[in-house]
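These notes are about the structure you will find just below.
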Amino acid sequence: MTFISAFNVLGPEMIGPSSSHTAGACSIALLAQQMADSPVKDVEFVLYNSFAQTYKGHGTDLALLGGVMGFSTDDKRIPKAFSIAEERGISYRFIEAAQDPDIHPNTVDIHITCQSGHSYSVRGESLGGGKMRISRINHIDVDFSGEYSTLIIIHYDRPGVLAHITGCLSEKNVNIAFMKLFRETKGDIAYSIIEFDGTLPDDAEDQISLNPYVQDVIFIPIQRRI
């Protein structure tokens, strides 16, 4: 017998109209924004399949832009996202990609440039009911949901790096729920994605960064339950 929670029946707390096309989209963009090292200066949204066909009518564009400005799914500023972005000096554009049956119907690529000059891209998929998953960071395929606190560690694929990372977290009493390593080529750049319970001690990122093969450590707090 399949279990159905009240969340599945009622849906998320959100600015509508659609949990998949607005709440899920906002959650993807909010997570992408949390990877920025400074305020967002420029953003390009590439929309695929159903997102590309319906984003204007379903408010997906407003939700995505709101998310990269730090708005949560129930933020009443979302309907005013265009004007707020202009006030903040954020340039943005939406591109409708060709249909691609090989990827999820509700997929978006978000290309962000920060005021610092740092740029990166995130691919997200809105799965329905306000849930989402991140399936790519830059050119590396990944897989995580944002339902836990998350560490994204960019490092060279070298022996001992994972032992260093897990040792630092164990020392700080961080309880790991899931840990996955993603890479394209042996010995090249890898992404370790660690999802865990609770928060991260203040100095944990600095401790992990001490390893010479670690390039960057990004901490994304658990997204507020919607």
Side-chain angles (χ1 to χ4, degrees), residues 2-14 19-20 23-37 67 70 72-74 104 106-108 110 120 122-138 140-184 189-211 213-226:
T2 303
F3 174 77
I4 300 176
S5 71
F7 179 90
N8 297 125
V9 175
L10 298 176
E13 182 180 353
M14 66 178 191
S19 61
S20 60
C26 183
S27 293
I28 292 168
L30 178 59
L31 192 149
Q33 179 268 341
Q34 290 174 308
M35 296 174 60
D37 65 358
S72 58
T73 58
D74 61 347
H104 191 278
N106 299 329
T107 295
V108 60
I110 305 176
Y120 61 97
V122 174
R123 170 171 287 186
E125 303 166 3
S126 180
L127 306 177
K131 294 183 178 294
M132 61 85 183
R133 97 178 172 107
I134 301 302
S135 58
R136 182 177 296 170
I137 300 174
N138 296 326
I140 303 291
D141 290 335
V142 298
D143 183 7
F144 66 99
S145 67
E147 294 183 357
Y148 293 85
S149 295
T150 304
L151 268 176
I152 302 170
I153 303 168
I154 305 171
H155 58 88
Y156 286 101
D157 182 29
R158 299 288 193 276
V161 177
L162 289 182
H164 167 75
I165 294 168
T166 55
C168 291
L169 295 178
S170 176
E171 185 179 309
K172 302 299 180 183
N173 294 315
V174 174
N175 187 37
I176 296 174
F178 304 100
M179 181 173 181
K180 303 174 186 176
L181 182 141
F182 303 90
R183 66 182 188 183
E184 281 192 340
I189 293 295
Y191 284 66
S192 286
I193 309 293
I194 302 172
E195 299 174 276
F196 57 95
D197 303 313
T199 187
L200 189 70
D202 291 338
D203 58 346
E205 293 178 62
D206 292 337
Q207 290 293 320
I208 293 171
S209 297
L210 290 177
N211 187 287
Y213 295 122
V214 172
Q215 287 197 317
D216 199 7
V217 181
I218 303 166
F219 170 51
I220 300 176
I222 185 172
Q223 291 202 13
R224 184 171 59 82
R225 295 293 180 181
I226 55 176

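Predicted model, so just to flag it, every value in this text is computed and none were measured.
- Here the options are Leu181, Leu151, Thr150, the test is side chain to side chain contact (heavy atoms under 4.5 Å, CB included), and the partner is Ile194; only Leu151 passes.
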Which donor-acceptor pairs under 3.5 Å do the side chains of residues 165-176 make with protein atoms, sequence neighbours left out?
{"unit_1": "Thr166", "atom_1": "OG1", "unit_2": "Leu162", "atom_2": "O", "d": "3.0"}
{"unit_1": "Thr166", "atom_1": "OG1", "unit_2": "Ala163", "atom_2": "O", "d": "3.2"}
{"unit_1": "Lys172", "atom_1": "NZ", "unit_2": "Asp203", "atom_2": "OD1", "d": "3.3"}
{"unit_1": "Lys172", "atom_1": "NZ", "unit_2": "Asp203", "atom_2": "OD2", "d": "2.9"}
{"unit_1": "Asn175", "atom_1": "ND2", "unit_2": "Asp197", "atom_2": "OD2", "d": "2.9"}

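- In plain terms, the two heavy atoms of Ala25 and Ser126 that are nearest each other are N-OG, 4.1 Å.
- With sequence neighbours left out, Arg158 forms a salt bridge (charged side-chain N to carboxylate O under 4.0 Å, His left out) with no residue at all.
- Distance CD1/Ile140 to CD1/Ile154: 9.5 Å, rounded to 0.5 Å.
- Within the 3.5 Å criterion, the main-chain N or O of Gly198 finds a donor-acceptor partner in the side chain of Ser149.
- Rounding to the nearest 0.5 Å places OG of Ser145 at 7.0 Å from CE of Met132.
- Residue Val217 comes nearest to Glu205 through the heavy atom pair O-OE1, 3.5 Å, listed as atom of the first residue, atom of the second, then distance.
- The ring-ring contact (aromatic ring centres under 6.0 Å, His included) search around Phe178 returns Tyr148, not counting sequence neighbours.
- Shown are Arg183, Lys180, Arg136, Arg133; of these, the salt bridge (charged side-chain N to carboxylate O under 4.0 Å, His left out) with Asp141 is made only by Arg136.
- To the nearest 0.5 Å, the span separating CD1 on Ile220 from CE on Met35 amounts to 5.5 Å.
- Annotation for Ala32 and Ile110: closest pair CB-CD1, 4.2 Å, computed over non-hydrogen atoms.
- With values rounded to the nearest 0.5 angstrom, Lys131 atom NZ is found 4.0 Å from Glu147 atom CD.
- Shown here are the ring-ring contact (aromatic ring centres under 6.0 Å, His included) partners of Phe144, two or more places apart in sequence or in another chain: there are none.
- The number of heavy-atom neighbours closer than 6.0 Å to CZ of Phe219, taken from other residues, nucleotides and ligands shown, is above 12.
- The two residues Ser27 and Thr73 have their closest heavy-atom pair at OG-CG2, 3.5 Å.
- Qualifying side-chain contact (heavy atoms from CB on, under 4.5 Å) partners for Thr107, counting only residues two or more places apart in sequence or in other chains: Tyr48, Ile103, His104, Arg123, Glu125.
- Interatomic distance, CZ of Phe182 versus CG of Asp157, reported as 13.5 Å (0.5 Å rounding).
- Tyr191 places no side-chain N or O within 3.5 Å of a backbone atom of Ile152 that could act as its donor or acceptor partner.
- Looking at residues two or more places apart in sequence or on another chain, you find a side-chain contact (heavy atoms from CB on, under 4.5 Å) between Asn211 and Val161, His164, Tyr213, Val214.
- Expressed to the nearest 0.5 Å, how far CD1 of Ile208 lies from CD1 of Ile153 amounts to 4.0 Å.
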